[in-house]
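Inspection log for the structure reproduced underneath, given as structure tokens.
By convention in this document, chain letters (A, B, ...) are assigned in the order of the sequence lines, proteins followed by strands, and residues within each chain are numbered from 1.
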There are 2 protein chains.
Amino acid sequence: MKSNHVTLKDIARILELSPSTVSRALKDHPDINEETKRLVKTFAEKVNYRPNALALSLRRQKTNTIGLIIPEIVHHFFSSVISGIEDLAYGEGYNVMICQSNENYQREVIDTQALIDHRVDGILVSVSKTTKDFSHLKTAHENGIPMVFFDRICEDILTDRVITDDFKGAHIATSHLIDRGCRNILHLAAPQHLIIGSQRKEGYIKALQDRNIPVDEDLIVKCDTREYVASLREHLLKLIKEKKVTGIFAVNDSTAIAAMQALQSADYKIPDDIKVIGFGDGPNAEIAYPPLTTVEQKGYETGREAMRLLLQRLENPGIEINYSTKVLTPTLKQRQST
Amino acid sequence: MKSNHVTLKDIARILELSPSTVSRALKDHPDINEETKRLVKTFAEKVNYRPNALALSLRRQKTNTIGLIIPEIVHHFFSSVISGIEDLAYGEGYNVMICQSNENYQREVIDTQALIDHRVDGILVSVSKTTKDFSHLKTAHENGIPMVFFDRICEDILTDRVITDDFKGAHIATSHLIDRGCRNILHLAAPQHLIIGSQRKEGYIKALQDRNIPVDEDLIVKCDTREYVASLREHLLKLIKEKKVTGIFAVNDSTAIAAMQALQSADYKIPDDIKVIGFGDGPNAEIAYPPLTTVEQKGYETGREAMRLLLQRLENPGIEINYSTKVLTPTLKQRQST
DNA sequence: CTGAAAGCGCTAACAT
DNA sequence: ATGTTAGCGCTTTCAG
């Protein structure tokens, strides 16, 4: 922020006008003489004048910036969410301040604070995997900051929400495996304190029950990353062999793909010997071999919808009732892994 | 930005002190009575006082925010860059304002403007593919905004830079194919107005020349995305057949992977019939079938280095000489596609 | 040890 | 049609 910036005052001084006149001329105030307007505008243009957003925000008590707290940008789902948010936000004259929590609770707290410090008009958040205490968000919300949760929500805080119907998605995925002839189905699950984790597990269980297949708790393994699969490789292979597993439902695509690779390295043929389905449908699913069947989770729509709900709050301040939850239902994307 | 925020003045009024005393107490000014300090601090803590970052920035003429203009967050390389930048920035008390140009020139111009409007202390940029006119950045730079280009630089603007040695990387990749017995090597190239595009092509050409292999201009095809491969599928297959191509060097991994898939769908065996190498080494390379040989481009280091150079400028304002260019050399990551 | 006053850049009542 | 003034939240001389 070097001082080479022309200010209103500078213009006023040079043109021998008052700052207020310049200010008004610039925004086409009807009171101002056309002549003066032209003079001011041309000059401002010439010297490349740009109003200081900080001063404006301070003055207006509105930053036109919304904060976004997102676990990890690298994931295709989340970067799609960002695009959905940005496209709508920019269109409405809002900037987006993106904070990456890196699935780290401490960082999430700091990020929340930073957003508040910058007086963002509202916050969009998907909580980190390691967050178990939500008081940082709760406090912000109680202080009146409009907030929308998406994907990984916090049930204790009553706000607008955008979620994927994880239960149904998992049900669809598991049912698909059953339809393809699988009975002993392994579920690679996310931590159960994440709603996403429990919902997907519940959907899996319900699908089995609906078809009268007994649920075997041993076939539910907490394992939700590529690295996790690597470290559990022996255990998983043993389990698959002993339990005669013929289908795997993984809580996300990259875990599913890692599982396929582990299987292939142990000479299993996919989908002949064992079928694998993921959740999320990022571009990885198409790149994998064989291309991965999965249920698609709409990142862009999630972002857009979250932003839409937030904008609605921003435009109708004070009305704190009628929080709505938008549920996006995933659909089956069949490829060659099942 | 609802008004539920406690201000210094609020505290001063309630504690019956002057704003200046409160301000000083909060920052442990030696002049202030210990008693008073304790009083103020405890109260501030209790009411959850947080200084208004906007007001601070306005006052200090420094935002402690750096702007980042990045083509597309979805790409693994770029999201790694972001992590590299953030890790260093946060450590030094800076926030990062991320703008995604979406490879769109217009958007890049707007983003630049938005960053300037917010009076960021410096800007990190990797230019969009569609940017041919750099005046928006040039103007900013001439106005004294510290700027560092990374990966996709602008040669006309003299600044610090962090780049990958694209020439050498391409040379390594092409030489590797030659070592593996390829002579007729197809290059899937990026647009030549991008330095990255021309450097990688030059490296490819030089590697051929170094081994006395004639360069066939027909074997250099502008094609740098997955979609591009799809639309050029027939042309590429025909070319490969007619020219007896046995090796492909693609300008990035996703193009390489798409090419592999196109080849496989036409019954080519990789690496037996034809070998493929990419550039960049994102996680896709490991997921692809067969796992893709590529040269690794260090995203995290790129980001970190760019931020480091910027911080250096920020801490030594005024010294505009000695711009440095940090070159990161990619290394071969051999997998099974060659 | 504490307070009053000015100013960062801008706008909007309230003059004139 | 234009200028004066006050204030958004904060810091920092300068005065006491």
Side-chain angles (χ1 to χ4, degrees), chain A residues 1-41 43-44 47-65 114 116-121 143, chain B residues 1-41 43-44 47-65 114 116-121 143:
Chain A
M1 189 161 160
K2 246 179 77 179
S3 42
N4 297 11
H5 288 283
V6 184
T7 72
L8 260 192
K9 254 178 154 174
D10 292 335
I11 298 182
R13 190 169 23 78
I14 296 168
L15 260 36
E16 303 190 299
L17 288 166
S18 79
S20 28
T21 305
V22 176
S23 170
R24 282 185 283 235
L26 252 18
K27 35 180 48 73
D28 256 331
H29 191 106
D31 280 0
I32 303 293
N33 187 313
E34 285 301 327
E35 191 83 8
T36 317
K37 278 187 192 171
R38 226 179 314 274
L39 176 71
V40 171
K41 283 181 181 172
F43 186 77
V47 299
N48 234 304
Y49 170 74
R50 298 247 91 212
N52 183 323
L54 271 53
L56 277 178
S57 298
L58 192 60
R59 178 79 240 262
R60 294 211 233 277
Q61 295 292 82
K62 174 143 174 25
T63 54
N64 266 45
T65 298
I116 295 174
D117 289 354
H118 281 90
R119 302 297 188 263
V120 294
D121 296 330
N143 281 333
Chain B
M1 185 160 162
K2 248 177 77 178
S3 40
N4 297 12
H5 289 284
V6 184
T7 72
L8 259 193
K9 254 178 155 175
D10 292 336
I11 299 183
R13 190 168 24 77
I14 295 168
L15 260 37
E16 302 191 300
L17 289 166
S18 78
S20 24
T21 304
V22 176
S23 171
R24 283 186 279 236
L26 251 19
K27 34 181 49 69
D28 255 333
H29 191 106
D31 280 0
I32 303 293
N33 187 313
E34 285 302 328
E35 191 82 9
T36 318
K37 278 187 193 172
R38 227 179 312 275
L39 176 71
V40 171
K41 284 181 179 172
F43 186 75
V47 299
N48 232 302
Y49 169 75
R50 296 246 93 211
N52 184 325
L54 271 52
L56 275 179
S57 298
L58 192 60
R59 179 75 239 263
R60 295 210 232 276
Q61 295 293 82
K62 175 141 173 29
T63 54
N64 265 46
T65 298
I116 295 174
D117 290 354
H118 281 90
R119 301 297 188 265
V120 293
D121 296 330
N143 281 332

Atom NZ of Lys9(A) and atom C1' of dG7(C): how far apart are they, to the nearest Å? 7 Å

Ignoring backbone atoms, test whether Tyr49(A) places a side-chain nitrogen or oxygen under 4.0 Å from the OP1 or OP2 oxygen of dG9(C). no

Closest listed nucleotide, where the reference is the side chain of Lys27(A) and the choices are dT11(C), dC8(C), dG9(D): dT11(C)

Shortest side-chain distance from Asp31(A), nucleotide among dA1(D), dG9(C), dT11(D): dA1(D)

Heavy atoms of Ala25(B) and Lys41(B) approach each other most closely as O-CE, 3.6 Å

What I want to check is whether an N or O donor and acceptor connect the side chain of Thr36(A) with the base of dT2(D) at under 3.5 Å. no

Separation of Lys62(A) atom NZ from dG9(D) atom C1', in whole Å? 19 Å

Need one value for Asn33(B): base, sugar-phosphate or nothing, where a base atom within 4.0 Å counts as base even if backbone is also close, heavy atoms only. sugar-phosphate

Tell me: NE2 of His118(B) to P of dG9(C), nearest whole Å? 16 Å

Once you round it to whole Å, what is the distance between C1' of dC10(C) and CZ of Arg59(B)? 16 Å

If only atom types and distance count, is the side chain of Asp117(B) paired as donor or acceptor with the main-chain N or O of Ala114(B) below 3.5 Å? no

Which of the following nucleotides, dC10(C), dT2(D), dT11(D), is nearest to the side chain of Thr21(A)? dT2(D)

Nucleotide of dT11(C), dC8(D), dT12(D) approaching Pro19(A) most closely (side-chain heavy atoms): dT11(C)

Could you tell me whether Ser20(B) contacts a base, only the sugar-phosphate backbone, or nothing, with contacts defined as non-hydrogen atoms closer than 4.0 Å? base

dG9(C), OP1 or OP2 - any side-chain N/O from Thr7(A) closer than 4.0 Å? no

Starting from the 5' end of DNA chain C, give me the residue, Glu34(B) or Ala55(B), whose nearest nucleotide shows up first. Glu34(B)

What is the distance, rounded to the nearest whole Å, between atom CD of Gln61(B) and atom C1' of dC10(D)? 12 Å

Once you round to the nearest 0.5 Å, how far does NZ of Lys27(B) lie from NZ of Lys37(B)? 12.0 Å

Rounded interatomic separation in angstrom, taking CG from Leu39(A) and P from dA1(D): 16 Å

On a heavy-atom basis, the closest approach of Asp121(A) and Thr63(A) is OD1-N, 3.1 Å

Below 3.5 Å, does any donor atom in the side chain of Arg24(A) face an acceptor in the base of dG3(D), or the other way round? yes

Picking from dC8(D), dC8(C), dT11(C), the nucleotide nearest the side-chain atoms of Arg60(A) would be dT11(C)

By nearest atom, which of the nucleotides dC10(C), dG9(C), dC10(D) is closest to the Leu56(A) side chain? dC10(C)

Ile116(B) CD1 to Asn143(B) CG distance, which is reported to the nearest 0.5 Å: 7.0 Å

Quick check for you: among dT12(D), dC10(C), dG9(C), whose closest atom lies nearest to any side-chain atom of Leu58(A)? dG9(C)

So Asn48(B) and Val6(B), do their side chains get closer than 4.5 Å, heavy atoms only? no

From C-beta outward on Leu17(B), which listed nucleotide comes closest to its side chain: dC10(C), dT11(D), dG3(C)? dG3(C)

Nucleotide dT2(D), atom P - distance to NE2 of His29(A) in whole Å: 11 Å

In whole Å, what is the span from the CZ atom of Arg13(B) to the P atom of dG7(D)? 14 Å

